[in-house]
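Nothing fancy with the numbering, it's 1 onward along the sequence.
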Amino acid sequence: MIGDQGPYPGEYPVQFAVEYPDRPLNRLTSFFRIFVVIPILIVLGTVSGGTWQSTGSHSTWPTRRGRGRLLFLGPLLMILFRQKYPRWWFDWNLELQRFGNRAGTYLALMNDSYPSTDDHQWVELDYAYPDAAADLNRWLPLVKWLLAIPHYIVLFFLDIAAFFAVIVTWFAILFTGRYPRGIFSFVEGVFRWHNRVAAYALTLVTDRYPPFRLAP
């Protein structure tokens, strides 16, 4: 069952991947993507409480904005005082992240199918439901936001690079219909990095410090 299975040995306990569109992409919707994406961003903003907040890098990159209403304080208090992580809070955070990533990768031109509010589509995001008493340090959530500051700094610059990479991709799709594979891997890696930091510092589902890498 998704959300229940642990990571493979040696891998970070957040699994993220975006299916590469090995086909010609729709040039028309790609050209107008910044307008076409508006309806689903409105839905995402409504679900997330209208909070357009990044994961901590303070970037204008809209792919993380759907995380503005991730449940953070509630799980923190439950882990701290009860050593519990309510399952429905976990499911809400995971599904909201998945939805936000679908909208974000669509805006980043990584697929031309319109984002669904529930189907997982081309984005794979998964992490295991934690046994708070056995797997999580009850005091660590108080300082995770501070420990993650080096990641926020790196991600700030990675977001800027990804923004310009998507602009280059926009031209590439208009002329060739294809998403350059190297750029795709880089943008996917930036998404992956953000999701790892969010799982560590915001959704609090793991105590394992995120790696400084774009690769799986």
Side-chain angles (χ1 to χ4, degrees), residues 1-8 11-18 44-45 47-59 61-105 117-118 120 123-152 154-155 158-159 188-213 216:
M1 180 177 179
I2 293 175
D4 284 322
Q5 299 175 0
Y8 295 105
E11 292 186 345
Y12 191 74
V14 175
Q15 305 303 312
F16 179 85
V18 182
L44 179 59
V47 172
S48 63
T51 302
W52 294 75
Q53 172 183 322
S54 73
T55 55
S57 63
H58 302 292
S59 70
W61 188 240
T63 60
R64 262 63 65 182
R65 290 172 174 172
R67 298 179 187 160
R69 283 299 181 185
L70 285 176
L71 299 177
F72 167 72
L73 186 58
L76 185 154
L77 294 175
M78 289 296 289
I79 293 170
L80 179 62
F81 293 109
R82 297 289 304 277
Q83 290 191 284
K84 293 176 60 177
Y85 199 124
R87 179 69 202 222
W88 75 270
W89 291 357
F90 171 88
D91 291 338
W92 167 267
N93 282 338
L94 179 57
E95 291 302 329
L96 182 56
Q97 280 188 269
R98 286 169 172 166
F99 183 24
N101 277 279
R102 288 193 295 273
T105 53
T117 56
D118 50 3
H120 294 170
V123 175
E124 175 191 348
L125 172 63
D126 197 18
Y127 43 72
Y129 176 63
D131 180 344
D135 302 333
L136 302 177
N137 183 309
R138 70 191 310 166
W139 304 108
L140 196 56
L142 295 174
V143 296
K144 280 183 175 181
W145 63 272
L146 181 63
L147 298 176
I149 286 178
H151 283 282
Y152 302 155
V154 175
L155 284 169
L158 285 175
D159 281 348
E188 178 188 32
V190 175
F191 275 92
R192 180 180 295 114
W193 198 321
H194 270 283
N195 280 286
R196 287 171 173 168
V197 173
Y200 173 78
L202 295 182
T203 61
L204 308 174
V205 295
T206 180
D207 285 349
R208 185 173 167 187
Y209 197 71
F212 285 85
R213 67 170 188 262

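- In this structure, the side chains of Tyr129 and Leu94 stay at 4.5 Å or more apart for every pair of heavy atoms.
- Residue pairs meeting the side chain to side chain donor-acceptor pair (under 3.5 Å) criterion with at least one member in residues 71-81: none, sequence neighbours excluded.
- Here Arg192 contributes atom CZ and Asn101 contributes atom CG; the two are 11.0 Å apart, rounded to the nearest 0.5 Å.
- Contacts of Gln83 classified as side-chain hydrogen bond (donor to acceptor under 3.5 Å, both in side chains), with partners at least two apart in sequence or in another chain: Arg138.
- The salt bridge (charged side-chain N to carboxylate O under 4.0 Å, His left out) check on Arg196 picks up nothing, with sequence neighbours excluded.
- Looking at Asp159 and His194, their side chains do bring a donor and an acceptor atom within 3.5 Å of each other.
- The two residues Pro141 and Leu76 have their closest heavy-atom pair at O-CD1, 3.6 Å.
- Nearest heavy atoms, Ala201 versus Phe72: O-CE1, 3.4 Å.
- Minimum interatomic distance between Gln97 and Thr203 (heavy atoms only, all atoms of both residues): OE1-CG2, 3.5 Å.
- Residues meeting the side-chain hydrogen bond (donor to acceptor under 3.5 Å, both in side chains) test with Asp207, sequence neighbours left out: Lys144.
- Closest heavy-atom contact between Tyr209 and Leu147: OH-O, 2.6 Å.
- Contacts of Trp92 classified as side-chain contact (heavy atoms from CB on, under 4.5 Å), with partners at least two apart in sequence or in another chain: Val47, Leu71, Leu96.
- Residues Met78 and Tyr85 are not in side-chain contact: their nearest non-hydrogen atoms beyond the backbone lie 4.5 Å or more apart.
- Between the CG atom in Leu125 and the CD atom in Glu95 there is a gap of 9.0 Å [rounded to 0.5 Å].
- At a threshold of 4.5 Å between non-hydrogen side-chain atoms, the residues Ser48 and Phe99 do not count as touching.
- Aromatic ring centroids of Tyr12 and Tyr127 lie 6.0 Å or more apart.
- In this structure Asp135 satisfies the salt bridge (charged side-chain N to carboxylate O under 4.0 Å, His left out) test with no other residue, sequence neighbours excluded.
- Atom-to-atom distance recorded for Asp118:CG and Arg102:CZ is 7.0 Å, nearest 0.5 angstrom.
- Under a cut-off of 6.0 angstrom, the local environment of CH2 in Trp89 is crowded, with over 12 non-hydrogen atoms contributed by other residues, nucleotides or ligands.
- Once rounded to the nearest 0.5 Å, the distance linking CG of Leu136 with CD1 of Ile79 reads 5.0 Å.
- Between Tyr152 and Val197 the shortest heavy-atom distance is CE2-CG1, 3.8 Å.
- Leu202 contributes atom CG, which lies 12.5 Å from atom CH2 of Trp145 (distance to the nearest 0.5 angstrom).
- Closest heavy-atom contact between Pro210 and His151: O-NE2, 3.1 Å.
- Note that CG of Leu142 is 9.5 Å distant from CG of Leu204, once rounded to the nearest 0.5 Å.
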